[in-house]
*Asks:* 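Next up is a structure, given as structure tokens.
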Amino acid sequence: MDNRQVSASLNQLADLLEFQGANSFRIRAYRQAAATIAACDEQVVDRLDDPLRPLTDLPGIGKDLAQKIETLARSGNLPQLEELSKQIPLSVLDLVRVPALGPKKAAVLFRELGIDNLTDLRAACVSGSVAALKGFGAKSCEKILHGIEIAEQANQRMRLDKATHFAAELKSYMELARGAHHLEFAGSFRRGRETVGDLDLLVASTDPRLIMDHLGQFPEVGEIIARGETKMSVRMRNGLQVDLRVVAADAMGAAWQYFTGSQDHNVTLRGRAKELGLKVNEYGVFRILEAGAEERIASVTESEVYAAVGLPWIPPELRENRDEFRWADAGKLPELITLADLRGDLHMHTVATDGSGTIEQMASAARSRGWEYIAITDHSQRVSMARGLNPSRLRDQWREIDQCNQLWAGEFEILKGIECDILESGGLDLPDDVLAEADWVLASVHYGQQQSKQQITDRVLGAIEHPYVSGIAHPTGRLLGQRPPYEIDMAAVFQAAVRCGKFLELNASPKRLDLHDGHCSIAREKGIPIVINSDAHSVTGFDVLQFGIVQARRGGLTRSDVLNTRSLSELRAYLAKLRNRK
Ligand code: DGT
Ligand code: CA
Ligand code: CA
Ligand code: ZN
């Protein structure tokens with residue numbers, strides 16, 4: 001077995017043990033070992049006979065694990081894994097990934113009702129047999145049904161950040177293909193959706209065969225699903241499907257427009273073309289002439305295609321058939337925000353809590369990105385797993401910030417912030433006199449996420465109305481593919497934000513993207529300022545801002561809709577105004 005297969009087997013073992021309810025430290029050890037093996041530059045199978053370099057030299061690999069890895073690498077299987085897979089069908093692992101279920105409850109369902117896949121689970125929830133089990137009930141059934149949807153989606157769609165990294169790898173490989181003239185990604189990936197169903201790749205070339213052969217030899221290809229004259233679909237080993245289309249260079253614009261979609265956007269575009277006596281397809285825009293003849297009037301660039309239909313070029317993030325045609329007609333397509341518009345980041349953690357960078361390291365990294373300011377927002381005391389700050393540690397941190405600020409006086413500023421927990425019973429985790437000294441107070445929910453809509457909404461509204469709170473971080477609490485949003489009344493949240501002049505965060509972590517694009521567009525209409533934050537836990541954590549920017553663009557946000565595009569003095573003025581409202 002190669003490293004990748006060994007690593008996959010160890011992960012599978014961890015999954016099965018988790019389902020059995022094994023000790024969580026043991027499970028974590030297997031998962032860490034899987035990660036270690038996957039990251040090895042050298043194939044483990046090649047060093048097994050070298051007594052000077054036992055596997056136990058690898059970090060986190062003890063004797064027992066080393067033995068298992070050796071067995072796997074040499075023989076391709078492991079008795080323990082085979083035994084377990086006989087007892088537990090692999091399909092039950094899908095159950096464990098249902099957010100409302102987890103390993104314990106999944107095991108009960110398997111034992112009591114013999115449920116071992118999502119289809120049966122859904123049926124059993126609907127028929128009432130799950131609700132009849134001890135420890136379940138109607139309410140938890142409802143949550144499970146919702147969880148099934150999330151799990152199914154997570155199985156089928158890949159998160160944008162993962163797709164982005166994979167696409168970069170694929171792009172540099174495909175650019176080496178002989179005869180590849182020009183290469184572009186299309187589809188939901190180009191539109192920046194938070195997850196993608198598959199990756200659509202266009203290559204301009206006169207020799208489709210060479211391009212398709214080259215893709216077939218990409219080392220990550222798991223399976224070739226289909227191959228035609230100019231079109232090929234493959235499934236990669238990571239599960240992602242890639243649809244390749246080879247097109248003529250002089251039709252690249254038309255193909256790019258067509259395959260970028262969305263389908264709904266294209267339907268509207270074609271309808272408009274028809275009214276003008278035109279036809280649009282992946283080969284171009286055609287004028288229909290008498291006697292069934294047609295003349296191609298646009299195809300080389302996208303702008304040309306849109307212009308032929310009387311439209312300005314529309315940014316891909318807006319092509320969802322929401323407002324873009326209306327805006328285009330009115331000459332009011334928004335000038336969408338870009339990463340370069342940001343002048344600071346207002347949510348990050350340091351070594352004081354669960355981050356890995358010091359204040360100075362975070363600030364230097366921010367400065368080298370050309371920013372003017374950051375806010376340090378470590379957790380407050382209630383978040384004890386992350387060693388949240390009590391008033392005295394927070395004030396110590398602020399003294400340290402004062403010192404750092406002297407270093408770069410006039411050029412760069414660190415705001416004294418806090419990510420203050422909104423307590424389960426309502427109210428904030430730090431006393432008012434402490435919050436009053438902060439420059440910047442983010443409030444967010446970490447505990448009691450299962451509360452009723454009324455309870456959660458009241459807690460968040462209370463925070464928005466609190467005079468010292470600047471705004472709300474990750475307002476819905478969702479984790480993509482893992483955890484649904486809290487049951488929160490977002491209409492009420494938007495209303496309160498307008499009333500109190502508070503901002504809402506677009507948390508750019510690709511696991512969160514919270515607010516999402518649809519929320520951003522509502523916030524924009526209502527004039528609620530958005531802050532795009534990284535929630536960085538290290539100096540490289542700032543990189544995720546690109547994903548926040550994409551979602552903001554999808555929500556139609558411009559520079560002026562986003563608070564952290566302002567200069568430091570404008571930001572200060574905004575915060576002072578907030579303080580004076582109370
Ligand atoms: P996904 O992959 O589910 O995240 O979403 P998309 O939008 O990437 O969808 P996909 O991959 O099926 O197709 C890419 C684009 O190509 C789609 O947005 C519109 C266009 N397209 C593909 N197939 C058809 C089709 O049969 N009819 C029409 N009208 N458009 C199509
Ligand atoms: Ca696609
Ligand atoms: Ca596709
Ligand atoms: Zn945070």
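As the structure lists them, so they are numbered: ligands from 1, and atoms in each ligand from 1.
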*Asks:* Return the CG to CE distance between Leu504 and Met490, rounded to the nearest 0.5 Å.
*Replies:*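 Between atom CG of Leu504 and atom CE of Met490 there are 6.0 Å.
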*Asks:* What distance do Leu342 atom CG and Ile337 atom CD1 have between them, rounded to the nearest 0.5 Å?
*Replies:*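 Nearest 0.5 Å value for the CG-CD1 distance: 5.0 Å.
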*Asks:* Quick check: of its N, O or S atoms, which one does Glu419 have closest to the Zn ion (ligand 4)?
*Replies:*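 Atom name returned: OE1.
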*Asks:* Could you go step by step and tell me if Trp398 and Val434 meet the side-chain contact (heavy atoms from CB on, under 4.5 Å) rule?
*Replies:* CA-CA 11 Å; Trp398 288 346; Val434 177; 4.1 Å; yes
*Asks:* Within the structure, does Arg270 bring an N/O atom to less than 3.5 angstrom of an N/O atom in ligand 1?
*Replies:*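 For ligand 1, there is an N or O atom that lies under 3.5 Å from one belonging to Arg270.
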*Asks:* Are side-chain N/O atoms of Thr457 and Asp489 paired as donor and acceptor at under 3.5 Å?
*Replies:*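 Note: Thr457 and Asp489 side chains miss the donor-acceptor criterion.
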*Asks:* Assess the side chains of Ser188 and Arg193: does a donor N or O sit below 3.5 Å from an acceptor N or O?
*Replies:*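 Side-chain D/A pair, Ser188 to Arg193: absent.
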*Asks:* Which class fits the ring pair Phe218 and Tyr173: parallel under 30°, tilted 30 to 60°, perpendicular over 60°?
*Replies:*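 Rings of Phe218 and Tyr173: tilted, as their planes differ by 30° to 60°.
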*Asks:* Quick one: do Lys511 and Asp535 make a salt bridge, cutoff under 4.0 Å?
*Replies:*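 Asp535 and Lys511: not salt-bridged.
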*Asks:* Mind checking whether Phe189 contacts ligand 1 via backbone (N, CA, C, O), side chain (CB onward), both or neither, at a 4.0 Å heavy-atom cut-off?
*Replies:*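 For Phe189, no heavy atom sits under 4.0 Å from ligand 1.
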*Asks:* Quick check: does Arg245 get an N/O under 3.5 Å from an N/O on ligand 1?
*Replies:*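 Between Arg245 and ligand 1 (N or O atoms, distance only) the closest approach is not under 3.5 Å.
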*Asks:* Decide whether an N or O pair under 3.5 Å exists between Asn266 and ligand 1.
*Replies:*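 It does not: no N or O of Asn266 is found under 3.5 Å from an N or O of ligand 1.
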*Asks:* What is the ring orientation for Phe503 with Trp440, classed by angle as parallel under 30°, tilted 30 to 60°, or perpendicular over 60°?
*Replies:*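 Parallel, since the angle between the ring planes stays under 30°.
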*Asks:* Under 3.5 Å, N or O to N or O, is Val196 touching ligand 1 that way?
*Replies:*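 No, since none of the N or O atoms of Val196 sits under 3.5 Å from an N or O of ligand 1.
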*Asks:* Would you call Asp543 and Arg369 a salt bridge, taking side-chain N to carboxylate O under 4.0 Å as the test?
*Replies:*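 Yes, Asp543 and Arg369 are salt-bridged.
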*Asks:* Where on Asp243 is there a heavy atom closer than 4.0 Å to ligand 1, on the side chain, on the backbone, on both, or on neither?
*Replies:*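 No part of Asp243 comes within reach of ligand 1.
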*Asks:* I'd like to know if the side chain of His466 pairs up with that of Asp432 as donor and acceptor (distance under 3.5 Å, no hydrogens or angles considered).
*Replies:*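 On atom types as modelled, these side chains qualify, holding a pair under 3.5 Å.
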*Asks:* Counting only heavy atoms on the protein side, is anything nearer than 4.0 Å to atom 26 (O) of ligand 1?
*Replies:*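 No, there is no protein heavy atom closer to it than 4.0 Å.
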*Asks:* Honestly, is Arg566 close enough over Tyr574, meaning NZ or CZ under 6.0 Å from the six-membered ring centre and within 45° of the axis?
*Replies:*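 Not satisfied by the 6.0 Å and 45° rule.
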*Asks:* Taking all non-hydrogen atoms of both residues into account, name the closest pair between Leu311 and Arg272 and its distance.
*Replies:*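 What the structure gives for the nearest pair is CD2-NH1, 3.9 Å.
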*Asks:* Any idea which protein heavy atom is nearest atom 4 (O) of ligand 1, and the distance to it?
*Replies:*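 Checking every protein heavy atom, the shortest distance to atom 4 (O) of ligand 1 gives Ser188 OG, 2.5 Å.
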*Asks:* Would His519 and Gln551 count as having a side-chain donor-acceptor pair, cut-off 3.5 Å?
*Replies:*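 No, Gln551 and His519 have no side-chain donor paired with an acceptor closer than 3.5 Å.
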*Asks:* Listing by chain and number, which protein N, O or S atoms are under 3.0 Å from the Ca ion (ligand 3)?
*Replies:*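 Listed by chain and number, the nearby protein N, O or S atoms are Asp198 OD1, Asp198 OD2, Asp200 OD1, Asp243 OD2.
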*Asks:* Among protein heavy atoms, which sits nearest to atom 21 (N) of ligand 1, and what does the distance come to when rounded to 0.1 Å?
*Replies:*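 Heavy-atom neighbour on the protein nearest atom 21 (N) of ligand 1: Tyr258 CE2, 4.2 Å.
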*Asks:* So which protein heavy atom does atom 14 (C) of ligand 1 come closest to, and at what separation?
*Replies:*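 Minimum-distance protein heavy atom for atom 14 (C) of ligand 1 reads Phe259 O, 3.5 Å.
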*Asks:* For Val267, is the nearest heavy atom under 4.0 Å from an atom of ligand 1?
*Replies:*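 No, that is not the case, since the closest heavy atom of the residue is not under 4.0 Å from the ligand.
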*Asks:* Purely on distance, is any nitrogen or oxygen of Arg193 under 3.5 Å from one on ligand 1?
*Replies:*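 No, no N or O pair falls under 3.5 Å.
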*Asks:* Of all the N, O or S atoms in Asp535, which one sits nearest to the Zn ion (ligand 4)?
*Replies:*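 Of the nitrogen, oxygen and sulfur atoms in Asp535, the Zn ion (ligand 4) lies nearest to OD1.
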*Asks:* Keeping the roles fixed (side chain from Ser470, backbone from Val441), state whether a donor-acceptor pair exists under 3.5 Å.
*Replies:*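 Yes, the answer is positive, given that a donor and an acceptor are paired below the 3.5 Å cut-off.
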*Asks:* Among all protein heavy atoms, pick out the one at the shortest distance from atom 23 (N) of ligand 1; state its residue, atom name and that distance to 0.1 Å.
*Replies:*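 For atom 23 (N) of ligand 1, the nearest protein heavy atom comes out as Gln263 OE1, 4.7 Å.
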*Asks:* Is the Zn ion (ligand 4) less than 2.8 Å from an N/O/S atom of His349, whether that atom is in the backbone or a side chain?
*Replies:*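 Checking His349: at least one N, O or S atom is under 2.8 Å.
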*Asks:* For atom 17 (C) of ligand 1, what's the nearest protein heavy-atom neighbour? Residue, atom name and distance, please.
*Replies:*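 For atom 17 (C) of ligand 1, the nearest protein heavy atom comes out as Gly261 CA, 4.0 Å.
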*Asks:* Between Glu324 and His265, do the side chains contain an N or O donor and an N or O acceptor separated by less than 3.5 Å?
*Replies:*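 Per modelled atom types, Glu324 and His265 side chains form a pair under 3.5 Å.
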*Asks:* Tell me whether His379 has at least one N, O or S atom under 2.8 Å from the Zn ion (ligand 4).
*Replies:*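 Checking His379: none of its N, O or S atoms is under 2.8 Å.
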*Asks:* Work out which heavy atom in Leu575 is nearest to a heavy atom in Asp439; give both atom names and the distance.
*Replies:*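 Closest pair (atom of Leu575, atom of Asp439, distance): CD1-O, 3.5 Å.
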*Asks:* Considering only heavy atoms, does Arg157 approach ligand 1 within less than 4.0 Å through its side chain, its backbone, both, or neither?
*Replies:*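 Just the side chain.
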*Asks:* So, regarding Asp200 and ligand 1 (criterion: nitrogen or oxygen to nitrogen or oxygen, under 3.5 Å), is there a contact or not?
*Replies:*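 Checking ligand 1 against Asp200, an N or O pair does fall under 3.5 Å apart.
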*Asks:* Write down the atom of Asn564, the atom of Gly344, and the distance for their closest heavy-atom approach.
*Replies:*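 Residues Asn564 and Gly344, closest heavy atoms: ND2-O, 3.0 Å.
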*Asks:* Give a yes or no on whether the backbone of Gly192 and the side-chain of Glu317 come within a donor-acceptor separation of less than 3.5 Å.
*Replies:*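 Side chain of Glu317 to backbone of Gly192: no pair is present.
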*Asks:* Establish whether atom 12 (O) of ligand 1 and some protein heavy atom are separated by less than 4.0 angstrom.
*Replies:*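 Under 4.0 Å from atom 12 (O) of ligand 1, zero protein heavy atoms found.
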*Asks:* Yes or no: does His265 have any heavy atom under 4.0 Å from an atom of ligand 1?
*Replies:*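 His265 does not count as a contact of ligand 1 under the 4.0 Å cut-off.
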*Asks:* Would you say ligand 1 has an N or O under 3.5 Å from any N or O of Ser262?
*Replies:*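 No, there is no polar N/O contact under 3.5 Å.
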*Asks:* Does some non-hydrogen atom of the protein lie less than 4.0 angstrom from atom 9 (O) of ligand 1?
*Replies:*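 Flag for atom 9 (O) of ligand 1 set to false, no protein heavy atom closer than 4.0 Å.
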